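Take a look at the structure set out below.
These numbers were taken from a predicted model, which means no experiment stands behind them. Below, all heavy atoms of this structure are taken into account, side chains as well, without hydrogens, waters or symmetry copies.
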Amino acid sequence: MCYCKQYFNRKATQRWIDRKCKALIYKGGACHDYYLSLSDSHYSVFEFYHLTPAQKDHDWTKLRLLSWEAILQELDKYILLCANCHRIRHSRSEDFTEFDNIP
């Protein structure tokens with residue numbers, strides 16, 4: 001490696017941020033449920049939600065390492081959500097009936 005470790009890590013981090021921002025723009029740049037926009041918020045607020053988890057080939061941490069064409073194929077299986085909406089969708093998919101009687 002011809003760069004110092006700190007410089008290399010900064011460059012790699014920026015490359016992942018750029019790739020995520022490009023993917024966010026590809027998916028429309030706004031939360032599917034709440035319509036929070038990338039222009040109104042920070043890129044880190046947004047997450048990719050897979051509509052059918054059985055068809056999920058990669059999570060984002062692995063997906064971002066693939067070619068852009070492979071990323072696009074996988075992103076077509078996702079919708080873009082803000083972190084809050086993403087967590088709400090996951091909580092709805094789980095059974096929380098035991099907490100229904102809590103005031």
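- Cluster annotation: Phe8 is not connected to Leu65 through the hydrophobic network of ILVMFWY side chains, with a link wherever side-chain heavy atoms come within less than 4.5 Å.
- Expressed to the nearest 0.5 Å, how far CD of Glu47 lies from SG of Cys85 amounts to 10.5 Å.
- Remark: Phe48 CZ to Lys77 NZ distance equals 14.5 Å, nearest 0.5 Å.
- Both Leu66 and Leu24 belong to a single network of hydrophobic side chains, linked directly or stepwise wherever heavy atoms of I, L, V, M, F, W or Y lie under 4.5 Å apart.
- When the side chains of ILVMFWY residues are joined at heavy-atom separations under 4.5 Å, either directly or via intervening members, Tyr78 and Tyr43 end up in a single hydrophobic cluster.
- Counting only distance, with no hydrogens or angles, the side chain of Arg19 and the backbone of Arg15 share no donor-acceptor pair below 3.5 Å.
- Distance check, rounded to the nearest 0.5 Å: CD1 of Ile25 to CG of Leu38 gives 6.0 Å.
- For Tyr26, the OH atom is densely surrounded, since the number of other residues' heavy atoms within 6.0 Å is greater than 12.
- Rounding to the nearest 0.5 Å places CG of Leu63 at 9.0 Å from CG of Leu72.
- Note that the CG atom of Leu81 and the OH atom of Tyr34 stand 13.5 Å from one another [nearest 0.5 Å].
- In the hydrophobic cluster analysis, where Ile, Leu, Val, Met, Phe, Trp and Tyr join through side-chain heavy atoms closer than 4.5 angstrom, Tyr35 is grouped apart from Tyr49.
- For Asn84, there are no side-chain hydrogen bond (donor to acceptor under 3.5 Å, both in side chains) partners, not counting sequence neighbours.
- Cluster membership check: Ile17 shares its hydrophobic cluster with Ile71, using side-chain heavy-atom separations under 4.5 Å among Ile, Leu, Val, Met, Phe, Trp and Tyr.
- More than 12 heavy atoms of other residues, nucleotides or ligands shown are found within 6.0 angstrom of CD on Gln14.
- Residues that satisfy the side chain to side chain contact (heavy atoms under 4.5 Å, CB included) test with Ala30, not counting sequence neighbours, are absent from this structure.
- Side chain of Lys27 to main chain of His32: no donor-acceptor pair is present (N/O by atom type, distance under 3.5 Å, no hydrogens or angles).
- Nearest approach of Phe46 to Ser41, heavy atoms of both residues: CE1-CB, 4.2 Å.
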Chi angles and distances behind the side chain to side chain contact (heavy atoms under 4.5 Å, CB included) call for Arg89, Asp33
CA-CA 10 Å; Arg89 282 200 181 218; Asp33 291 352; 2.7 Å; yes

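- Atom SG of residue Cys82 and atom CD1 of residue Ile88 lie 7.5 Å apart, to the nearest 0.5 angstrom.
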